[in-house]
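Encoded as structure tokens, the structure appears first; notes follow it.
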Amino acid sequence: MRKVLLIYTGGTIGMVKDPKTGELKSFNFDYLYEHVPELERFQLELSSVSFKNPIDSSEMTLCHWVDLVEIIEKNYVKYDGFVILHGSDTMAFTSSALSFMLQGIRKPIVLTGSQLPIGTIRTDGKENLITAVEIAAAIDEFGEPIVQEVAVYFEYSLYRGNRCSKVSANQFEAFQSPNHPELAVAGVNIDYAKDKLYRTTKSSPSFTKKMSSSVGLLTIYPGIPITSYASLFDVRINKALVLASFGAGNAPSHPELQSLITNYIASGGIVLNVTQCNSGSVKQGAYHTSSFFQKSGVISGRDMTTEAALTKLQFLVANVTTSEEIISLLQVNIAGEISES
Ligand code: ASP
């Protein structure tokens, strides 16, 4: 019997409506089968563990990611796959972070959640949970797990964890992964895109429990009063900064912005340029408005999502000693987060 561990962190999926007050409350996970009796029909051994205090995923912190890594490390050998129940709001940040913290894994870690609580009639949570469990237990013809990476399952699609973003606050199709194909589509069968699945080259998994909070994120917008953001460019506060720029990596030719970046990089800061668009890639130097970045040593984040760029830096800043090494790792694929150029 395959063994799957469900890890409940909180979020809408694990909630039921209190019939008296109408409020959404987390249900006791010991009673999971009462809410999703279909799970009992799987031919597998399902166990569950819950965060002591389940949270709305807006409350997610770096410490919660470390807690998840600890739970997975403790149970990695014992279980064949893991399903993390998580609020959808920050799911793409958590899945990106875990992809870096759990490099070298050869087992599926599937995050899922829902737009409607599992205790409501039209919930999308049951299908999401049931299929996520099936994916976490799935093996190929050689008996190997089909998925060997951190992934997000939502509304009939399985996405690479560090390639997707939440795109809708109310549609059941809440996630998209425009720069990387879906890993699987669930219809009558679950069709896996076998050549798109990530395979590690590492010989053993690493369970990294350090992430740095000294990483900033600045979204450029027309008319930005850049001096009010000057503190972001202080290396004592932020060792690295993600710049979410326009289109193919463009920004206003603002002398203040340029001198903040120049001084920041000269004092050891690292700037990573990603696009605000939800698909496509940064191409520094394609337009005059991005050639400054190219000349000043800003790193192109190419087609990384903002979630992947931010968490990759949080991971690298905490775990890699030299800036040179961080800069070189930013430009290569370490967990399937960038398309080969
Ligand atoms: N606010 C909720 C959360 O992210 C929404 C959800 O569960 O989808 O925890």
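Since we're looking at a predicted model, the values are computed, not measured. Position 1 is the first residue of the sequence; numbering continues from there. Excluded from the calculations below are hydrogen atoms, water molecules and symmetry mates; all remaining heavy atoms, backbone and side chain alike, are included. Atoms within each ligand, like the ligands themselves, are counted from 1 in listed order.
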Taking distance alone, with N or O pairs closer than 3.5 Å, would you say [X] contacts ligand 1?
X      : value
Lys166 : no
Ser88  : yes
Asp56  : yes

Margin query: Can you confirm if the aromatic rings of Phe207 and Tyr76 lie within a centre distance of less than 6.0 Å?
Written below: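 When the ring centroids of Tyr76 and Phe207 are compared, they turn out to be within the sub-6.0 Å range.
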
Note to self: Between Ser279 and Asn179, do the side chains contain a donor N or O and an acceptor N or O under 3.5 Å apart?
What the structure shows: no

Note to self: Do Asn170 and Ser168 pair up side chain to side chain, a donor and an acceptor below 3.5 Å, judged on atom types alone?
What the structure shows: yes

Note to self: Is it the case that the side chain of Arg160 and the backbone of Lys196 share a donor-acceptor pair, with hydrogens and angles ignored and the cut-off at 3.5 Å?
What the structure shows: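 Yes, because the side chain of Arg160 sits within donor-acceptor range (under 3.5 Å) of the backbone of Lys196.
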
Next item on the list: Give the minimum heavy-atom separation between Ile338 and Val332, together with the two atoms involved.
Entry: CD1-O, 3.7 Å

Next item on the list: Show which atoms of ligand 1 fall inside a sub-4.0 Å distance from at least one heavy-atom site of Gly11.
Entry: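 Here the atoms of ligand 1 in question are 7 (O), 9 (O).
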
Item checked: Residue, atom name and distance, where the atom is the protein heavy atom closest to atom 5 (C) of ligand 1 -> Thr12 OG1, 3.4 Å

Notebook entry, point to check: Tell me, which protein residue and heavy-atom name are nearest atom 4 (O) of ligand 1, and how many Å apart are they?
Noted result: Ser57 OG, 2.6 Å

Notebook entry, point to check: Charged N to carboxylate O under 4.0 angstrom, Asp140 versus Lys194?
Noted result: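 No, Asp140 and Lys194 are not salt-bridged.
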
Next item on the list: May I ask whether Ser114 has any heavy atom positioned less than 4.0 angstrom from an atom of ligand 1?
Entry: yes

